[in-house]
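Here the structure comes first, spelled out in structure tokens, and everything after it is commentary.
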Amino acid sequence: MTVSHAPPSAIPAPLEKPSAPTRTPPELEAVVPASVRRSRLRAAPRWVRRAVGPLLLLVLWQVFSATGVLDPDVLASPGTIARAGADLMADGTLPAAMGVSLQRVVVGLLLGGVIGTSLALVSGLSRLGEDLVDATVQMLRTVPWVGLIPLFIIWLGIGEAPKVALIALGVAFHLYLNVYAGIRGVDAQLIEAGTSLGLGRWGLVRHVVLPGALPGAMTGLRYSLATAWLALVFGESINADAGIGFLMNQAREFFRTDVIVVCLVVYAFLGLTADIIVRILERLLLQWRPTFTGQ
């Protein structure tokens with residue numbers, strides 16, 4: 001039997017699989033957490049972020065003044081106001097006025113603070129004190145204290161007394177309300193815990209009630225400072241011969257809008273400085289109370 005061998009060329013070649021088309025891998029994008037993106041936005045110092053709004057307002061004000069949109073007789077430009085402020089600082093008029101106004105606020109704040117805090121302690125720590133004090137204070141609080149200016153002039157004259165009394169009155173009401181609410185807002189379980197630990201009445205007041213009322217007292221102090229500067233504006237309109245209000249009244253008579261705005265800026269600066277001082281006191285005195293500060 002013969003076996004025939006086919007020539008190599010006759011043997012069919014094995015089938016080759018078609019090559020798959022090459023694909024370029026997709027570009028991968030780095031995933032940045034939202035917290036990281038927010039941290040980038042907050043990389044700038046906080047004082048820079050807080051200054052963006054006032055600086056933008058100042059730039060718009062200057063642009064409107066330079067283009068004539070804002071009439072200088074209605075409101076002076078920032079440059080004119082800065083020159084007026086520099087002149088008042090150079091001749092000593094503005095520092096002297098600031099000293100007089102600051103003295104009035106400090107005296108009125110101390111007087112009103114002592115009165116308001118004392119009444120709040122009497123009313124908040126005792127039911128009998130509440131019955132005797134709270135109704136009277138609440139009734140007087142509803143009377144607009146600015147409307148008492150004519151009576152203060154009749155009773156106290158036109159010197160420093162009515163100005164200080166007006167500031168003290170506004171301060172006392174705010175402190176009374178917040179300190180009283182802080183005392184009555186102390187958790188009753190803390191009182192029970194202090195009693196079980198052997199604290200007497202004054203021990204409870206010193207170690208439980210007063211620390212618990214301190215946040216409310218600090219809030220009342222901030223409101224009182226704002227009211228004190230507002231009362232100062234009204235008080236210095238009572239025949240004042242010195243102070244920031246006196247400068248404003250003089251500037252009003254001569255249509256000096258630049259001087260008026262300088263006085264308003266000084267009021268705002270003094271009020272902001274007082275608020276910063278209270279914030280620092282809150283951080284020092286309320287370290288035991290962690291609070292939410294935003295995200």
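Here the structure is a predicted model, which is why all the values come from computation and not from measurement.
Within the model, atoms OH of Tyr267 and CD of Glu236 stand 4.0 Å from one another, a figure rounded to the nearest 0.5 Å. Residue Met98 holds its CE atom at 12.5 Å from OG1 of Thr93, rounded to the nearest 0.5 Å.
Annotation: salt bridge (Lys or Arg N to Asp or Glu O under 4.0 Å) contacts of Arg184 (sequence neighbours excluded): Glu130. Every residue meeting the salt bridge (Lys or Arg N to Asp or Glu O under 4.0 Å) condition with Asp258, not counting sequence neighbours, appears here in chain and number order: Arg256. By the side-chain hydrogen bond (donor to acceptor under 3.5 Å, both in side chains) test, Thr80 pairs with Ser77, Arg83, sequence neighbours left out.
When atom types are taken as modelled, the side chain of Ser123 and the backbone of Leu119 share no donor-acceptor pair closer than 3.5 angstrom. Checked by atom type and distance alone, the side chain of Ser101 pairs as donor or acceptor with a backbone atom of Ile244 at under 3.5 Å. Put simply, the side chain of Thr142 gets close to the backbone of Met139: a donor and an acceptor are under 3.5 Å apart.
For the ring pair (Phe, Tyr, Trp, His ring centres under 6.0 Å) condition, no pair includes a residue of residues 230-259, sequence neighbours left out. Residue pairs meeting the side-chain hydrogen bond (donor to acceptor under 3.5 Å, both in side chains) criterion with at least one member in residues 270-285, sequence neighbours excluded, are Arg222-Asp275, Asp275-Arg279. Among pairs with a residue in residues 157-172, those fulfilling side-chain hydrogen bond (donor to acceptor under 3.5 Å, both in side chains) read Arg104-Glu160, at least two apart in sequence or across chains.
Taking each heavy atom of Val262 and Gly85 in turn, the nearest pair found is CG2-N, 3.8 Å. Of all non-hydrogen atoms in Leu221 and Leu175, the two that sit nearest each other are N-CD2, 3.8 Å.
Within the 4.5 Å cutoff, the side chain of Ile115 has no heavy atoms near those of the Tyr176 side chain.
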